[in-house]
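A short worksheet on the structure shown next.
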Protein chains: 2
Amino acid sequence: MQYSEAKERYIEAWGSLGSSWGVNRTMAQIHALLMIATEPLTTENIMEELKISRGNANMNLRALLDWGLAKKVLKPGERKEYFVTDKDPMVLATQVAKERKKRELDPIIKLLEEVSTVQGGNEEAKEFRKVTADLKGFAKQADSVLNTFIQSNANWFFKILGKLTR
Amino acid sequence: MQYSEAKERYIEAWGSLGSSWGVNRTMAQIHALLMIATEPLTTENIMEELKISRGNANMNLRALLDWGLAKKVLKPGERKEYFVTDKDPMVLATQVAKERKKRELDPIIKLLEEVSTVQGGNEEAKEFRKVTADLKGFAKQADSVLNTFIQSNANWFFKILGKLTR
DNA sequence: TATAATTTTCAATAATATTTGAAAGTTATG
DNA sequence: CATAACTTTCAAATATTATTGAAAATTATA
């Protein structure tokens, strides 16, 4: 396969995969581009490569910075901002896990804490308490696992696999 | 908190959480409703509770069936279809993991297999091969962990936590 | 088989999310 | 401080996705 074709397919696939790790298509594509770049890219580079507007490029770059998935680098003597991403997939996974935990898991645990205190002795209230309490317990376990993951090192997967299959 | 308020907040939260596990809002809300229901629900029950159209209810119920997150039950002597969901959060997590692996992870591994064979000796091609090979390796590890999860029992989280913190 | 009950489909519509592009804002430099 | 280089903002336009509702299809029953 030719480089240009491979690159195109990879960027497109990464973009549509984006929604599965909670970011929009363009944001994921910019990330994909940074992953395979051999040196830091400017907003203009990204606009050209992905054929998107300046505003779009800017907004999604800021979102990537916000997620901790890209950072600015400065070149001495230049005013332009350059962007890079960490190329280690484990760092990517860790950052995504961290952000999604913060944005999704923490709020749902908080909500379940609240609603599972619902009053009432009728069947519906009882069932509601049971289900929401179960979900809360599960969410907290997931939270523990994520925390362990976020804090641990790059061999996490290997460790788990080793231990589980022992 | 009153039951009606708790229920409303829980359903709404579950709905907006939906996108984080890859399903749309209404689908997640129907699932939420089935989770706290004390008995099987009909399409009409769901239309009323969520104030949605018949077509919408039908489409999303079918999607839930497709994901293995709901199933039909028949009541003897009745023509209407009733729906239930498994109330164990671990079963939910397992089903979601299974479907998302199939829909997202498997295709990306396949794509990475292909594009990482890109030809060329220039710096860009080399970098591309390295990055996509790393991603592929990572994706395969994730795949292994998911397979273990899907096949294993409900104490998975406890086991891992115990082992990791040992 | 005709009728009634129920489910499914899908084109039209509505709602939501993303993108553009030009103007406004910011910052470095002569 | 004036200008140029660059970045950010945001209202309007576009694109995408979800929803409706009525007609068509299906299925059970008399």
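A, B, ... follow the sequence lines: proteins, then strands. Residue 1 opens every chain. Just so you know, these numbers come straight off a predicted model, no measurement behind them.
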Discussion item. Expected output is a numbered-order residue list: members of residues 45-71 of chain A with a heavy atom under 4.0 Å from any atom of DNA chain D. What is it?
Written reply: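 Correct list: A:Arg54, A:Gly55, A:Asn58, A:Arg62.
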Fill in: Closest-nucleotide ordering on DNA chain D, the 5'-leading residue of A:Lys80 and B:Met27
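Counting from the 5' end, the first nearest nucleotide belongs to A:Lys80.
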Worksheet entry | B/S/- contact track for nucleotides 24-30 of chain D, protein heavy atom under 4.0 Å | ---BB--
What donor-acceptor contacts under 3.5 angstrom involve side-chain atoms of residues 73-80 of chain B, with partners at least two apart or in another chain?
unit_1, atom_1, unit_2, atom_2, d
B:Glu78, OE1, B:Tyr82, OH, 3.0
B:Glu78, OE2, B:Tyr82, OH, 3.3

Test: salt bridge (charged side-chain N to carboxylate O under 4.0 Å, His left out). Region: [range]. Which pairs qualify, not counting sequence neighbours?
| range | result |
| --- | --- |
| residues 53-63 of chain B | B:Glu44-B:Arg54 |
| residues 119-129 of chain A | A:Glu127-B:Lys87 |
| residues 2-15 of chain B | A:Glu114-B:Arg9, B:Glu5-B:Arg9, B:Lys7-B:Glu49 |

Worksheet item: Apart from A:Val91 itself, which Ile, Leu, Val, Met, Phe, Trp or Tyr residues share its cluster (side-chain heavy atoms under 4.5 Å, direct or through members)?
Response: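 ILVMFWY cluster around A:Val91 holds nothing else.
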Practice prompt. Just jot down the salt bridge (charged side-chain N to carboxylate O under 4.0 Å, His left out) partners of B:Glu81, sequence neighbours excluded, or say none.
Written response: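 B:Lys72.
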Practice prompt. Please check the phosphate of D:dT19 (OP1 and OP2 only) for any side-chain N or O of B:Thr26 closer than 4.0 Å.
Written response: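 Checking B:Thr26 against D:dT19: at least one side-chain N or O falls below 4.0 Å of OP1 or OP2.
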Worksheet item: Looking just at side-chain N and O atoms, do A:Ser144 and A:Asn147 make a donor-acceptor pair shorter than 3.5 Å?
Response: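 The criterion, which ignores hydrogens and geometry beyond distance, is not satisfied for A:Asn147 and A:Ser144.
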Discussion item. Once ring-ring contact (aromatic ring centres under 6.0 Å, His included) is applied, what residue pairs with a partner in residues 92-137 of chain B remain, sequence neighbours excluded?
Written reply: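 Output for this query lists A:Tyr3-B:Phe128, A:Tyr10-B:Phe128.
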Worksheet item: Whole Å only: how far is the NZ atom of A:Lys72 from the P atom of D:dT7?
Response: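 It is 8 Å, rounded to the nearest whole Å.
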